[in-house]
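Starting from 1, each residue takes its place in the sequence as its number.
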Amino acid sequence: MATFLLLIGLVTHYFFYSVMIVRGKSMEPNYVDGQVLVVNKIAYHVGSPARGDVIAMYFPGETEKRFIKRIIAVPGETVAIVNGRTMVNSQSLPEAYLPDDLESIPDLTRTLQSGEYFVMGDNRPYSSDSRSWGAVPSSFIVGKVGSPLFQLRSTSGE
C-alpha cells in the first residue's frame, strides 16, 4: 500500500501538481518570501496562458530553478513601457495587483512571436524578468500558480 501511495504521489508531482516555495521579493506584495505554492501543471494543457496569470517557469537557459512571474503580454501582442507605464497593444495595462505609484523601467517595445510570453515580477524594482532577458518561450512555462497554501518562516533573513 505504501508503495502504491508513493507511486501516486510521484505521478501527481511530476505530471499534475507540484509545490514550490517563494524565494526573494520579486513578487511582493502578492507573493512573499517563504510562501508555499501549488503549481497546476495541467492548466495549460487544457487552456492557454493568459495575461495576468502568475506562472511557474524556468529562467531562459536555466532548467534547474523555477521562478514565478506574472504574464503581461501573450503571443502576437506588442508590449511597451513608456515613461514608466506598461502598455499592451497601445492600451494602458490595468494592474490592480500593483501599488498605484509603481512604475516599470526601462522604456522598451517588444512584439511577441508565436509561443512567446512577456513576464514581469509584481515588485518591479526588484525583479529580473522579460525587461532584461526577453520573452519566455512557452516550453519554459511549468504551470499556473495558485494562491499560497501557507507561510514558512522567512528564508531571506529579513
Side-chain angles (χ1 to χ4, degrees), residues 18-152 154-158:
S18 67
V19 175
M20 70 180 288
I21 300 170
V22 176
R23 301 280 185 226
K25 55 185 177 179
S26 74
M27 289 297 289
E28 290 178 357
N30 300 305
Y31 297 89
V32 298
D33 192 71
Q35 283 181 326
V36 177
L37 310 172
V38 171
V39 178
N40 181 342
K41 293 182 174 184
I42 59 173
Y44 299 132
H45 292 287
V46 296
S48 297
R51 183 181 316 111
D53 286 357
V54 176
I55 60 167
M57 53 164 275
Y58 294 112
F59 182 83
E62 167 73 60
T63 58
E64 295 297 316
K65 295 180 185 176
R66 295 179 298 171
F67 297 87
I68 63 169
K69 301 292 176 193
R70 188 177 302 273
I71 295 176
I72 301 301
V74 299
E77 294 183 326
T78 298
V79 62
I81 299 174
V82 181
N83 297 325
R85 291 286 158 217
T86 304
M87 314 278 285
V88 176
N89 296 332
S90 301
Q91 300 292 317
S92 182
L93 181 65
E95 297 183 284
Y97 45 83
L98 295 180
D100 290 334
D101 59 349
L102 189 64
E103 295 184 348
S104 297
I105 53 172
D107 284 2
L108 63 82
T109 301
R110 174 84 192 258
T111 299
L112 300 172
Q113 304 301 310
S114 176
E116 289 185 329
Y117 293 85
F118 194 92
V119 300
M120 290 197 289
D122 290 351
N123 192 359
R124 305 284 161 78
Y126 297 96
S127 179
S128 176
D129 50 41
S130 289
R131 294 171 296 168
S132 57
W133 34 259
V136 174
S138 59
S139 62
F140 280 60
I141 297 175
V142 176
K144 186 174 184 176
V145 172
S147 298
L149 292 176
F150 57 90
Q151 174 75 40
L152 296 176
S154 177
T155 57
S156 68
E158 295 176 356

Subject >> Candidate pair Tyr31 and Val145, rule side chain to side chain contact (heavy atoms under 4.5 Å, CB included), full reasoning >> reply: CA-CA 10 Å; Tyr31 297 89; Val145 172; 4.0 Å; yes
Closest heavy-atom pair and its distance - [X], [Y]:
X	Y	value
Arg124	Ile72	NH2-CD1, 3.7 Å
Tyr44	Gly143	CE1-C, 3.8 Å
Lys65	Tyr58	O-CD2, 3.3 Å
Ala135	Leu112	CB-CD2, 3.7 Å
Met27	Met120	SD-O, 4.3 Å
Leu37	Pro148	CD2-CA, 3.6 Å

Original post:
Between atom CD of Glu28 and atom CG of Asp33, what is the distance when rounded to the nearest 0.5 Å?
Top reply: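 Here the rounded value is 7.5 Å.
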Original post:
From Arg70 CZ over to Ser127 OG, what is the distance, rounded to the nearest 0.5 angstrom?
Top reply: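 Rounded to the nearest 0.5 Å, the CZ-OG separation comes to 11.0 Å.
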Original post:
Does a sphere of radius 6.0 Å around OH in Tyr97 hold more than 12 heavy atoms from other residues, nucleotides or ligands, not counting ones at 6.0 Å or beyond?
Top reply: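 Counting neighbours around OH of Tyr97, more than 12 heavy atoms of other residues, nucleotides or ligands fall under 6.0 Å, so yes.
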Subject >> Crowding at CG, Leu108 (>12 non-hydrogen neighbours, <6.0 Å) >> reply: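 Above 12, so yes.
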Original post:
Are any of the side-chain nitrogens in Arg110 or Glu116 under 4.0 Å away from the carboxylate oxygens of its partner?
Top reply: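 Salt bridge flag = yes for Glu116 with Arg110.
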Counting C-beta onward and ignoring hydrogens, is there a side-chain heavy-atom pair between [X] and [Y] closer than 4.5 Å?
X	Y	answer
Val36	Leu152	yes
Phe67	Val119	no
Pro49	Val74	no
Leu98	Asp122	yes

Subject >> Counterpart residues, side chain to side chain contact (heavy atoms under 4.5 Å, CB included), relative to Pro137 (two or more places apart) >> reply: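 By the side chain to side chain contact (heavy atoms under 4.5 Å, CB included) rule, Pro137 matches Ser139, Phe140.
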Original post:
What pairs meet the side chain to side chain donor-acceptor pair (under 3.5 Å) rule with one or both residues in residues 72-87, with sequence neighbours excluded?
Top reply: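 Qualifying pairs, neighbours excluded: Arg51-Glu77, Thr78-Thr111, Thr86-Ser104.
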**OP:** Please confirm whether the backbone N or O of Met20 pairs with a side-chain atom of Gln35, one donor and one acceptor, at under 3.5 Å?
**Re:**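 Not confirmed, Gln35 side chain does not pair with Met20 backbone.
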Original post:
With no hydrogens and no angle check, is any side-chain donor or acceptor of Asp129 less than 3.5 Å from a backbone partner on Lys69?
Top reply: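 It does not hold such a pair.
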